[in-house]
Amino acid sequence: MRALIVDDEAPARRKLRRMLGAHADVEVVGEASDGGAAIALAAELRPDVIFLDVQMPEVDGFDVAASLPDNGPALVFVTAFDRYALKAFDTDASDYLLKPVEPERLERALQRLRATAAPRPSARPGTAAPPAQLLIVDRGATHIVRVADIEWLQSADNYVTVHTNGRALLLRRTLESLLCDLAPAFVRTHRSAAVALACVQALRPRGKGDATVLLKSGAEVPCSRQHRSALLQVLQRHAS
């Protein structure tokens with residue numbers, strides 16, 4: 001079991017590394033002291049599990065969780081506060097450990113991970129609060145993107161191009177999964193596109209029931225006839 005430890009406090013990382021070292025089937029492949037480094041290392045090292053602190057400067061553990069790809073590593077949140085437990089399990093976390101972590105409790109968490117090594121189901125839509133920001137590793141750089149700045153999303157196989165403030169960044173997620181996290185602020189307009197409702201300026205009809213969504217930035221996003229009526233209903237509710 002390949003493990004990545006993420007915590008902004010070095011003593012906490014060292015302690016957890018020592019505790020995990022007592023288990024022959026666990027290999028700590030890396031450590032990160034912040035969310036940006038965690039996303040980059042997760043993409044590079046491909047760990048089986050991330051032991052993830054919740055409270056970290058700038059990018060917290062929940063932002064890291066929201067930025068991981070589909071079928072990514074298992075998550076075990078490690079924190080001194082029990083008030084985040086419900087939100088943690090809404091992210092489909094495997095376990096939630098309170099600091100100071102006791103060896104017996106860590107052993108139970110590892111047993112659960114061993115027993116559930118098969119692929120985990122995706123989080124249910126609407127069960128967790130939408131993240132405030134995403135971490136996107138694109139071309140070797142880690143970008144912190146505020147969800148409020150995202151204008152539209154464009155899928156490309158198992159990736160999503162995130163369009164924001166004139167930039168286009170590639171995120172290793174499926175569009176369907178990302179929309180589950182970002183609902184209800186985003187709505188699908190096409191099998192390969194979705195828009196931020198707050199960015200919609202107008203809907204222009206095209207032939208055969210299709211349309212074009214004009215955004216406030218001037219960008220144009222396709223809208224298929226299959227999604228047009230649903231988009232209109234959402235826009236009407238959003239405007240009322």
Side-chain angles (χ1 to χ4, degrees), residues 35-36 38-47 50 59 62-73 75 91-92 119-126 128 130-204 206-228 230-231 234-235:
I39 294 296
L41 284 177
E44 175 187 349
L45 301 174
R46 298 185 179 275
I50 300 179
V59 179
F62 294 118
D63 290 330
V64 172
S67 301
L68 292 172
D70 301 339
N71 298 320
L75 294 177
T91 67
D92 204 32
R120 301 173 305 284
S122 298
R124 299 181 302 278
Q133 54 194 10
L134 298 177
L135 272 70
I136 303 177
V137 180
D138 186 308
R139 298 175 181 86
T142 301
H143 305 266
I144 301 174
V145 177
R146 294 198 318 146
V147 171
D149 292 335
I150 299 174
E151 298 175 348
W152 68 288
L153 306 166
Q154 181 180 20
S155 70
D157 296 325
N158 291 323
Y159 290 81
V160 175
T161 301
V162 178
H163 296 269
T164 172
N165 296 332
R167 294 189 303 172
L169 301 172
L170 202 60
L171 175 64
R172 190 159 66 93
R173 294 281 301 271
T174 63
L175 180 59
E176 181 178 1
S177 172
L178 186 57
L179 287 176
C180 287
D181 288 346
L182 300 182
F186 288 75
V187 63
R188 200 163 197 156
T189 64
H190 190 274
R191 63 182 177 84
S192 61
V195 297
L197 291 172
C199 295
V200 175
Q201 179 69 41
L203 188 63
R204 292 178 177 171
R206 296 175 57 191
K208 300 181 180 180
D210 293 340
T212 296
V213 182
L214 179 63
L215 303 184
K216 295 175 182 177
S217 65
E220 297 183 355
V221 181
C223 180
S224 65
R225 62 182 181 274
Q226 291 89 345
H227 295 278
R228 182 180 175 183
L231 174 61
V234 173
L235 288 173

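What you are looking at is a predicted structure, and each value in this text was computed from that prediction instead of being measured.
Looking at residues two or more places apart in sequence or on another chain, you find a side chain to side chain donor-acceptor pair (under 3.5 Å) between His190 and Ser192. Take Thr161 and apply the side chain to side chain donor-acceptor pair (under 3.5 Å) test, not counting sequence neighbours, and it matches no residue. Judged as a side chain to side chain donor-acceptor pair (under 3.5 Å), and not counting sequence neighbours, the contacts of Asp149 are Arg146. Scanning for side chain to side chain donor-acceptor pair (under 3.5 Å) contacts around Asp138 gives an empty result, with sequence neighbours left out.
Evaluated for a side chain to side chain contact (heavy atoms under 4.5 Å, CB included) with Ile136, the options Thr142, Thr164, Val145 yield exactly one hit, Val145. Leu179 pairs with exactly one of Val160, Leu153, Thr174 by the side chain to side chain contact (heavy atoms under 4.5 Å, CB included) rule, that one being Leu153.
Of all heavy-atom pairs between His227 and Thr189, the closest is CB-O, 3.4 Å. When all heavy atoms of Leu171 and Ser67 are compared, the closest pair comes out as CD1-O, 4.0 Å. In plain terms, the two heavy atoms of Asp181 and Pro131 that are nearest each other are O-CD, 3.5 Å. Across all their heavy atoms, Ala38 and Val64 have their closest contact at CB-CG1, 4.3 Å. The two residues Ala42 and Ile50 come nearest to each other via the heavy atoms CB-CD1, 4.1 Å. Nearest heavy atoms, Leu175 versus Arg188: CD2-NH2, 3.7 Å.
With rounding to the nearest 0.5 angstrom, the OG atom of Ser224 is 14.0 Å from the NZ atom of Lys208. Atom CD1 of Ile144 and atom CD of Gln133 lie 6.0 Å apart (nearest 0.5 Å). One distance of note links CZ of Arg172 with CG of Leu178; it measures 13.5 Å at 0.5 Å rounding. Between the CZ atom in Arg173 and the CG atom in Leu182 there is a gap of 8.0 Å [rounded to 0.5 Å]. Rounding to the nearest 0.5 Å places CZ of Arg206 at 10.0 Å from SG of Cys223.
Residue pairs meeting the ring-ring contact (aromatic ring centres under 6.0 Å, His included) criterion with at least one member in residues 160-183, sequence neighbours excluded: Trp152-His163.
More than 12 heavy-atom neighbours from other residues, nucleotides or ligands sit within 6.0 angstrom of CD on Gln154.
Using a 4.5 Å heavy-atom cutoff, the side chains of Asp63 and Leu134 are not in contact.
Distance alone, capped at 3.5 Å, places no donor-acceptor pair between the Arg228 side chain and the Leu231 backbone.
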Contacts under 3.5 angstrom, residues 214-221 side chains, donor-acceptor by atom type, not counting sequence neighbours:
from: Lys216; atom 1: NZ; to: Ala198; atom 2: O; distance (Å): 2.9
from: Ser217; atom 1: OG; to: Glu151; atom 2: OE1; distance (Å): 3.1
from: Ser217; atom 1: OG; to: Ala219; atom 2: N; distance (Å): 3.4

